[in-house]
Amino acid sequence: MNPLTCERALLRQLAETPFADRPELAAFSGWSPATVYDAVGRLEDSGLVEGLPHATELIPPTRRFCLTAEGVLQLAREEGVATERMLRNRPLSAHWRRLLLGRLDGVASIYRMAGAVVDLDGPVGLRWYRASPLDVALLPSGGRILGVVRQGPVAGRTAFSKRLRRLFERPLPAALLLLIPDEVRLRHARRLLRGAPLPTFLAQERRAVKAGPGERIWRLPSLSGVLTLEEALSVVRRSGLAPSEPLPRRVLLPLRFRPGDPRLAPSSLGRSEKRTLDALYDWPWITVEALAGLLGVSPAHASRLALGLERHGLALRITLARRHRLVLSDRGLSLLARRDRSSVGKALKRWSAAPVEPDPFEWRNVSGSRSRQLLRNLEHTEAVHGFMAALAVQARGLGWEVIQLDPPHRASRYFRYRERLHSVRPDGFGLLRREGRTWPFFLEWERRAVRPATMRRRLAPYLLYHATERPLEDHGARPAVLIVFDGEIPQAHFLRVASEAMERAGIEVPLWVSHRDAVAELGPLDPAAWRRPGDSPGRPPVARGGERHAALLRG
């Protein structure tokens with residue numbers, strides 16, 4: 001095999017798939033892994049490509065490669081085209097490099113998923129997009145053009161819905177493949193895509209990056225069941241179109257990477273640091289102890305992870321109410337927004353912890369509207385953080401897998417009841433799993449519902465929600481509703497009010513009610529800490545130890 005031929009082929013491949021690693025280059029190019037490893041080494045030694053370390057929670061550590069300015073010039077000479085034309089037509093310019101580097105985690109997931117298409121259809125071309133609703137178009141040799149859309153963890157529900165609407169206003173590929181971060185948002189995306197004008201298949205991102213073409217991970221919007229990629233694409237008949245974008249007006253050759261450049265954070269952060277970054281986005285103003293519980297690490301380890309983010313300028317450690325609290329900096333928020341193709345401006349407007357004026361540091365002086373609201377109700381915010389952290393720790397000890405813990409801004413559910421739009425807006429949502437059984441729950445930490453009329457208003461949305469089929473559509477099971485009061489007296493009053501309201505409406509909500517001291521003493525998953533409407537005063541909901549946790553987790 002001619003080494004020069006392989007090197008030229010890999011230069012062309014990297015011009016199409018910048019930041020691919022060597023296993024992905026082997027899959028896309030059709031060369032053997034050993035040949036690709038040798039050729040990439042020679043290209044790197046000659047200064048035509050350069051590599052960066054990279055890892056995500058889903059993808060183990062690897063090195064990703066892209067063309068240097070010398071590599072671009074060399075490829076232009078070999079193909080006999082002007083350098084400026086090559087920079088306009090391929091994702092090689094300095095602007096493209098910054099864009100793809102900011103989205104590097106998503107780029108890596110898409111490359112891994114595209115490997116399954118290569119296994120099925122042979123060589124695949126890729127066309128990346130800067131501003132289109134599509135992330136990338138896959139161009140298999142068979143002619144079917146596949147559009148890929150990734151919903152990142154930070155992408156909001158409304159923004160993602162608008163993105164899909166914009167997609168359907170443009171020329172369409174033959175089919176869509178969507179990568180979704182979790183099961184709840186996958187179910188939401190399926191509802192959005194019912195009636196879509198082209199075949200659409202959805203999968204959880206964490207499964208798609210590891211699955212081959214024969215694994216059943218792909219869902220249809222309207223039909224039950226799970227398909228393999230081969231089965232999904234077998235129903236795609238037409239060839240479709242790859243949308244076009246205006247060519248950039250101004251292009252520059254890329255510069256070499258410089259150590260310490262803050263734009264390299266997507267590469268320089270490790271898997272644990274990225275997981276911590278996402279946790280701080282979800283739970284602003286969290287204490288180190290609560291963060292440790294959510295991550296499943298020791299407080300010392302959580303503190304070290306936070307210090308690493310602080311050194312990169314991505315997180316802040318602020319003392320409030322005599323405790324250190326962690327929150328993302330504006331740079332950290334911008335990093336996550338760019339990674340998931342979300343609006344940086346909106347992220348800062350909602351979540352920025354930067355003060356409006358230098359002094360004093362108090363909730364009124366915080367820039368972000370939602371961050372300000374959490375800080376204003378710091379006692380409530382800390383209580384919710386502590387509950388979720390304690391639940392995560394206790395669940396792991398009981399052998400349950402913590403699949404999902406959502407903060408308030410992702411826990412809301414919208415539904416229609418008698419043609420009117422309603423919502424439940426809990427303080428958190430969680431999903432646990434063990435032995436194939438899942439247990440979803442909502443959390444309400446109540447401090448203000450102390451009057452019967454207020455209690456009825458708090459319960460009313462859950463009565464309407466459970467009067468519909470939406471709980472099953474949203475979660476595949478009826479989620480429990482955990483309500484925690486500050487004291488035992490409002491707990492007793494709420495049990496009476498809830499029992500009367502459910503009997504009057506003829507609707508049963510799987511309610512579990514407790515108070516702060518009981519949860520702190522026994523833990524969030526001990527049924528002795530909870531009571532249900534209809535329980536006798538002072539009597540725990542389950543008497544026998546072998547059945548206690550099963551009863552709570554059944555809801």
Side-chain angles (χ1 to χ4, degrees), residues 99-100 102-107 109-110 128-137 147-170 172 176-198 200 202-206 208 221 243 245 266 274 277-284 328 330-353 367-374 404 406-416 421 423-426 429 474:
L99 201 65
L100 293 177
R103 303 179 191 172
L104 191 57
D105 292 357
V107 169
S109 292
I110 290 171
W128 284 101
Y129 292 100
R130 299 189 309 277
S132 168
L134 285 181
D135 284 292
V136 69
V148 179
V149 175
R150 174 183 177 268
Q151 181 185 16
V154 167
R157 179 166 35 202
T158 302
F160 188 66
S161 301
K162 291 179 179 177
R163 182 179 171 189
L164 292 179
R165 284 200 295 271
R166 286 195 298 117
L167 173 62
F168 297 143
E169 294 169 357
R170 305 186 178 203
L172 293 174
L176 279 181
L177 302 175
L178 281 87
L179 304 182
I180 309 295
D182 56 60
E183 180 66 25
V184 171
R185 281 184 278 192
L186 189 145
R187 289 173 179 269
H188 176 254
R190 288 180 69 192
R191 285 198 299 274
L192 287 177
L193 290 163
R194 288 172 186 167
L198 75 170
T200 304
L202 308 92
Q204 287 191 47
E205 182 178 352
R206 65 176 53 252
E245 286 186 315
K274 288 180 177 179
L277 200 69
D278 280 322
L280 293 184
Y281 177 83
D282 286 346
W283 310 98
L328 290 184
D330 286 0
R331 181 182 292 178
L333 290 169
S334 301
L335 176 73
L336 292 182
R338 292 191 181 100
R339 179 196 68 182
D340 294 341
R341 298 193 66 186
S342 295
S343 167
V344 172
K346 288 183 179 178
L348 297 180
K349 185 177 179 181
R350 293 170 181 169
W351 300 110
S352 175
S367 301
S369 58
R370 294 188 182 179
S371 186
R372 185 167 57 245
Q373 182 181 11
L374 292 173
Q404 193 171 336
D406 282 347
H409 58 273
R410 281 211 308 272
S412 300
R413 303 288 184 267
Y414 296 87
F415 62 98
R416 288 198 174 274
L421 186 65
S423 65
V424 291
R425 298 171 180 265
F429 169 80
D474 288 340

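The analysis underlying the following values was restricted to heavy atoms, covering all of them including side chains, and did not include hydrogens, waters or symmetry mates.
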Distance (rounded to the nearest 0.5 Å) between [X] [atom1] and [Y] [atom2]:
X      : Y      : atom1 : atom2 : value
Leu328 : Ser334 : CG    : OG    : 10.0 Å
Ser109 : Leu104 : OG    : CG    : 9.5 Å
Leu177 : Asp135 : CG    : CG    : 11.5 Å
Leu348 : Ser367 : CG    : OG    : 9.0 Å
Ser412 : Asp406 : OG    : CG    : 10.0 Å
Ile180 : Glu205 : CD1   : CD    : 9.0 Å

Would a 4.5 Å heavy-atom cut-off, applied to side chains only, mark [X] and [Y] as touching?
X      : Y      : result
Phe160 : His188 : no
Pro284 : Arg370 : no
Pro266 : Arg338 : no
Arg191 : Asp474 : yes
Arg341 : Arg163 : yes
Gln151 : Pro181 : yes
Arg410 : Arg185 : yes
Leu374 : Trp351 : yes

Nearest atoms (heavy-atom pairs only) where [X] meets [Y]:
X      : Y      : result
Pro407 : Trp283 : CA-CH2, 3.4 Å
Ala208 : Ala203 : CB-CB, 4.4 Å
Leu176 : Leu178 : CB-CD1, 3.9 Å
Ala347 : Leu333 : O-CD1, 4.2 Å
Pro197 : Leu172 : CG-CD1, 3.7 Å
Asp330 : Ala353 : OD1-N, 4.2 Å

Donor-acceptor pair, distance only, cut-off 3.5 Å: does the side chain of [X] make one with the backbone of [Y]?
X      : Y      : value
Glu245 : Arg130 : yes
Ser423 : Leu421 : no
Tyr129 : Pro243 : yes
Ser132 : Leu134 : yes

Presence of salt bridge, Asp340 and Arg150, under 4.0 angstrom: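 Yes, Arg150 and Asp340 are salt-bridged.
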Residues Arg187, Glu183: salt bridge by 4.0 Å N-O rule: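 So Arg187 pairs with Glu183 through a salt bridge.
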Audit row: Arg339, Asp278, side-chain contact (heavy atoms from CB on, under 4.5 Å) steps and yes/no: CA-CA 11 Å; Arg339 179 196 68 182; Asp278 280 322; 3.0 Å; yes
Heavy atoms of other groups near Arg206 CZ, more than 12 under 6.0 Å: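 No, because the 6.0 Å sphere around CZ of Arg206 holds 12 heavy atoms or fewer from other groups.
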